[in-house]
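Residue numbers start at 1 and run along the sequence shown.
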Amino acid sequence: MEILQGQRLETTVAVAVAVVAVAAGAAYLFLRSRKPRGCLDPENFREFKLVEKRQLSHNVAKLKFVLPTPTSVLGLPIGQHISCRGQDAAGEEVIKPYTPTTLDSDLGHFELVIKMYPQGRMSHHFREMKVGDYMSVKGPKGRFKYQPGQVRAFGMIAGGSGITPMFQVTRAILENPQDNTKVHLIYANVTYDDILLKEELDSMAKNYPDRFKIYYVLNQPPEIWDGGVGFVSKEMIQAHCPAPAADIQVLRCGPPPMNKAMAAHLDELGYTKEMQFQF
């Protein structure tokens, strides 16, 4: 009798242990599959602390903002942007969109690469910011929604600080081993020193030569220069962007005059409205 009771007890314990193990495994898989909740609020501004400010050139700075915990994510969909609120030189409120150069795989923080324009209202705010200050941020914002493999290839035409959404999308594509999308980027600036994120862009071109191509264009190039010269032309687009097709898309982001000129070039080259997107 005692032997039977002992066997029943052992069986009960074994079943209980198995149930606990299965439950623990299911909980682990569930937690692992859950996407962390983002820190952004589309309706209300939230405050994020500036923890690092690094000057990249005379008018460009990289600003790093900390999130609530080391494992927090900003929660910004690929290709979308945030709204930053500050004060201009006259003390008046100003709100402007910016695209972080970080992704949600960069836990605990996000970064902005900001070009400071002499008369820029929001530029004044960023110029005055010191480590320890807080930035008011709201989002996500934007019409662009990226899904891996949605096109065979992207053509990208960027000017100046318009590189940031292109950089974000490109990073997301290249760092996803399941995404075979190819990226062809034309990046235009006035001078060599105006090129933002050049080290990072060159590194991506070197590490992913079959998936990412970049062509720099300068209005005022240095004496030794193997890129494009002047403004981005139809011929440059033909040479460095994928040809019009149903499974490609050309993204553009830059100053308004450039965006207008690029739209005209793309129309003339046969890219339909569905093949174009402007940030």
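- Ion pair Asp267/Lys273 flagged as a salt bridge, since at least one NZ, NE, NH1 or NH2 atom sits closer than 4.0 Å to an Asp/Glu carboxylate oxygen.
- Listed for the His125 side chain is a donor-acceptor partner under 3.5 Å among the backbone atoms of Gln87.
- Of the inter-residue distances, the one linking Glu200 atom CD with Phe167 atom CZ reads 5.0 Å to the nearest 0.5 angstrom.
- Between the Tyr117 side chain and the Ser123 main chain, no donor and acceptor come within less than 3.5 Å of each other.
- A distance of 8.0 Å separates OG1 of Thr102 from CD of Gln168, quoted to the nearest 0.5 Å.
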>> side chain to side chain contact (heavy atoms under 4.5 Å, CB included), that's the test. Do Val183 and Val169 meet it? Break it down for me.
In response: CA-CA 9 Å; Val183 179; Val169 173; over 6 Å; no
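- Considering all non-hydrogen atoms of both residues, Ala158 and Leu185 come closest at CB-CD1, 4.3 Å.
- Checked options Leu50, Val131, Val113; the residue passing with Leu63 is Leu50 (criterion: side chain to side chain contact (heavy atoms under 4.5 Å, CB included)).
- Counting only heavy atoms from C-beta outward, the side chains of Arg85 and Lys138 never approach each other to under 4.5 Å.
- Distance CZ/Phe154 to CE/Met166: 10.0 Å, rounded to 0.5 Å.
- In this structure, the side chain of Gln80 does not engage the main chain of Lys145 through any donor-acceptor pair within 3.5 Å.
- At distances below 3.5 Å, at least one donor-acceptor pair connects side-chain atoms of Asn219 with backbone N or O atoms of Gly230.
- For Arg211 and Asp179, the salt-bridge test fails: no basic side-chain N is under 4.0 Å from an acidic carboxylate O.
- The side chain to side chain contact (heavy atoms under 4.5 Å, CB included) with Tyr187 is formed by just one residue from the set Leu197, Leu201, Val217; it is Leu201.
- Under a 4.0 Å N-O distance rule, the pair Glu199/Lys62 does not qualify as a salt bridge.
- Looking only at distances, a side-chain donor or acceptor of His109 sits under 3.5 Å from a matching main-chain atom of Leu107.
- Within 6.0 Å of CZ on Phe231 lie no more than 12 heavy atoms contributed by other residues, nucleotides or ligands.
- When ring centroids are compared, Tyr146 and Phe277 stay outside the 6.0 Å threshold.
- Checked by atom type and distance alone, the side chain of Asn189 never pairs as donor or acceptor with a backbone atom of Thr191 at under 3.5 Å.
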>> Does Ile114 form a side chain to side chain contact (heavy atoms under 4.5 Å, CB included) with Met122? I'd like the steps, not just the answer.
In response: CA-CA 10 Å; Ile114 305 294; Met122 197 66 192; over 6 Å; no
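- Distance check: Gln278 CD to Asn259 CG gives 4.0 Å after rounding to the nearest 0.5 Å.
- Between Lys53 and Asp133 there is no salt bridge, since no side-chain nitrogen of the basic residue lies less than 4.0 Å from a carboxylate oxygen of the acidic one.
- Taking a 6.0 Å sphere around NZ of Lys260, one finds it holds 12 or fewer heavy atoms contributed by other residues, nucleotides or ligands.
- Put simply, the residue from Leu74, Val137, Thr164, Asp106 that forms a side chain to side chain contact (heavy atoms under 4.5 Å, CB included) with Pro100 is Leu74.
- Asn207 places a side-chain N or O within donor-acceptor distance of the main-chain N or O of Ser203, the cut-off being under 3.5 Å.
- Under the 3.5 Å distance criterion, the side-chain polar atoms of Arg46 are matched with a main-chain donor or acceptor of Cys39.
- Going from atom CZ of Phe110 over to atom CG of Asp104 covers 11.5 Å, rounded to the nearest 0.5 Å.
- Thr181 OG1 to Gln147 CD: the interatomic distance, rounded to the nearest 0.5 Å, is 11.0 Å.
- Heavy-atom contacts from other residues, nucleotides or ligands closer than 6.0 Å to NZ of Lys49 number 12 or fewer.
- By the 4.5 Å heavy-atom criterion applied to side chains, Leu218 and Ile195 are counted as neighbours.
- Between the side chain of Lys182 and the backbone N or O of Asp210 there is at least one donor-acceptor pair closer than 3.5 Å.
- Between Tyr98 and Phe126, the ring planes are perpendicular. Angles over 60° get that label, and only those under 30° would be called parallel.
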